[in-house]
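Written below as structure tokens is the structure these notes are about.
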Amino acid sequence: MTTIHHSIHPEDREVMVGMREQVAPMKGSITGPEARPLFDSMMLHVAAAPGVTYETATVGGFDGAWCRPVDAADASAAILYFHGGAYVIGSAQAYRNFVGQVVARTKTAAFVPEYGLAPERPFPAAVDDARAAYAGLPRAEADPLLTRDSLATTARLYLGEHSARDPLASPLHGNLADLPPVLIHVGEDEILLDDSRRYADRVHGQGGWCEVHVWEGMVHVFQSYLELLRAGKESLKAISEFLEHQLHTKQKVST
């Protein structure tokens, strides 16, 4: 595993102070479907990239959205982008502008599936307890939005009584030996930093290649603030260059 640390830019430090104050009232509030409108509005603030078209479509039985560059580098290549949202929020439409920024930089089409969310579409089985899924995370205070309790709540909505250690529920516990190269960009102040490092360690331990970029002072999905943060622009550029390299060498991609 290779870890690369990025120091915060002075101008980003000031921006982050304001952002933290803005989201402080929402800390720990993402606990269920009622947060969907707020979350979608947060993601829709990302500016649409020039030279990208959008269309709803169905691929493999899944509804979703295509984001296509008008000047595709390789019409046979495509990116499959699974949006985030703690199992219960997020949508293809909300993420399309953000994904469009990746598409514009890689000149490669991307499909964002509209996958089922909990509690309407929970994990398909129920066997044992999952309530310790996020126990002991030490970064709860540094993260301005997410908390251990809120993530544990959304995990329970998705898992029910199913084990959080099932490889189908958590990639941390799966067979990672045959993965393509993995790139992780994570904010230093987000609660998922430790899980990101754990995942990278397991990929490396099973013979895979994984590179982790840790961005000082940044929070979850800081790349979506690319118009305000230099770190957002630089991170998105590095991610796009990684994707371009993998796609041009005809390898499968995992990010």
Side-chain angles (χ1 to χ4, degrees), residues 5-48 82-99 101-102 117-119 130-159 164 184-199 212-236 239:
H5 293 270
H6 300 265
S7 298
I8 191 169
H9 297 287
E11 56 264 41
D12 282 358
R13 194 181 302 277
E14 294 184 13
V15 172
M16 289 306 302
V17 170
M19 288 174 56
R20 287 176 177 276
E21 292 177 352
Q22 182 180 13
V23 303
M26 298 183 288
K27 185 177 176 71
S29 64
I30 298 178
T31 57
E34 64 279 358
R36 289 173 187 170
L38 173 62
F39 184 80
D40 281 4
S41 68
M42 290 171 60
M43 290 308 303
L44 283 170
H45 81 271
V46 180
F82 289 98
H83 71 76
Y87 314 105
V88 300
I89 58 178
S91 67
Q93 290 302 313
Y95 270 82
R96 71 178 205 163
N97 285 356
F98 180 66
V99 177
Q101 293 288 343
V102 176
L117 301 175
R131 283 173 289 185
Y134 289 93
L137 291 180
R139 308 206 60 77
E141 295 305 317
D143 194 311
L145 182 62
L146 303 176
T147 67
R148 181 182 67 183
D149 288 343
S150 66
L151 289 176
T153 297
T154 59
R156 285 196 296 272
L157 287 176
Y158 176 63
L159 291 170
I184 299 173
H185 280 234
V186 59
E188 183 184 49
D189 289 350
E190 64 172 292
I191 202 170
L192 300 178
L193 173 62
D194 297 314
D195 273 351
S196 298
R197 287 171 166 161
R198 289 172 62 202
Y199 184 78
V212 180
H213 290 245
V214 180
W215 295 80
E216 180 186 0
M218 294 295 110
V219 297
H220 193 50
V221 200
F222 67 93
Q223 297 88 349
S224 68
Y225 294 92
L226 59 99
E227 294 183 309
L228 298 176
L229 296 170
R230 284 187 59 179
K233 297 184 186 73
E234 293 177 6
S235 175
L236 198 58
I239 291 169

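Here, residue 1 is the first one in the sequence, and each next residue gets the next number. Small disclaimer: the values here were computed from a predicted structure and weren't measured.
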### Query
Do Val23 and Lys27 pass the side-chain contact (heavy atoms from CB on, under 4.5 Å) test, and can you show the C-alpha distance, the side-chain angles, and the key distance before you say yes or no?
CA-CA 7 Å; Val23 303; Lys27 185 177 176 71; over 6 Å; no
Separation of [Y] [atom2] from [X] [atom1] (nearest 0.5 Å):
X	Y	atom1	atom2	answer
Glu141	Arg148	CD	CZ	10.0 Å
Phe39	Tyr95	CZ	OH	3.5 Å
Gln101	Arg96	CD	CZ	12.5 Å
Leu151	Asp195	CG	CG	9.0 Å
Gln223	Ile239	CD	CD1	4.5 Å
Ile89	Thr31	CD1	OG1	9.5 Å

#### Entry: Check against side-chain contact (heavy atoms from CB on, under 4.5 Å), Leu145 and Met42
CA-CA 12 Å; Leu145 182 62; Met42 290 171 60; 4.2 Å; yes
#### Entry: Steps toward side-chain contact (heavy atoms from CB on, under 4.5 Å) verdict (Ser224, Val46)
CA-CA 6 Å; Ser224 68; Val46 180; 3.7 Å; yes
### Query
For Leu192, does its backbone N or O pair with a side-chain atom of Ser196 as donor and acceptor, under 3.5 Å?
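A pair under 3.5 Å: yes.
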#### Entry: Under 3.5 Å: donor-acceptor pair, side chain of Asp12, backbone of Arg230
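Checked: pair present.
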### Query
Which heavy atom in Pro119 sits nearest to a heavy atom in Arg36, and how many Å separate them?
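In terms of heavy atoms, the two residues are closest at CD-NH2, 4.3 Å.
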### Query
Which atoms form the tightest heavy-atom contact between Asp40 and Ala94, and what is the distance?
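Asp40 and Ala94 have their closest heavy atoms at OD1-CB, 3.4 Å.
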### Message
For Phe222 and Trp215, take the angle between the two ring planes, folded into 0 to 90°, and tell me which bin it lands in: parallel under 30, tilted 30 to 60, perpendicular over 60.
### Response
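Ring orientation, 0 to 90° scale: tilted.
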### Task
Using side chain to side chain contact (heavy atoms under 4.5 Å, CB included) as the criterion, point out the one residue from Leu229, Val186, Leu193 that pairs with Met218.
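For Met218, the side chain to side chain contact (heavy atoms under 4.5 Å, CB included) test succeeds with only one of Leu229, Val186, Leu193, which is Leu229.
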#### Entry: By side chain to side chain contact (heavy atoms under 4.5 Å, CB included) - contacts of Val88 (at least two apart)
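Val88: side chain to side chain contact (heavy atoms under 4.5 Å, CB included) contacts with Ala118, Thr154, Leu157.
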### Task
Among Glu234, Glu216, His213, Glu188, find the one that has a side chain to side chain donor-acceptor pair (under 3.5 Å) with His6.
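Looking at Glu234, Glu216, His213, Glu188, the match for His6 under the side chain to side chain donor-acceptor pair (under 3.5 Å) is His213.
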### Task
Evaluate side-chain contact (heavy atoms from CB on, under 4.5 Å) for Asp189 paired with Arg20, printing each intermediate quantity in order.
CA-CA 11 Å; Asp189 289 350; Arg20 287 176 177 276; 2.6 Å; yes
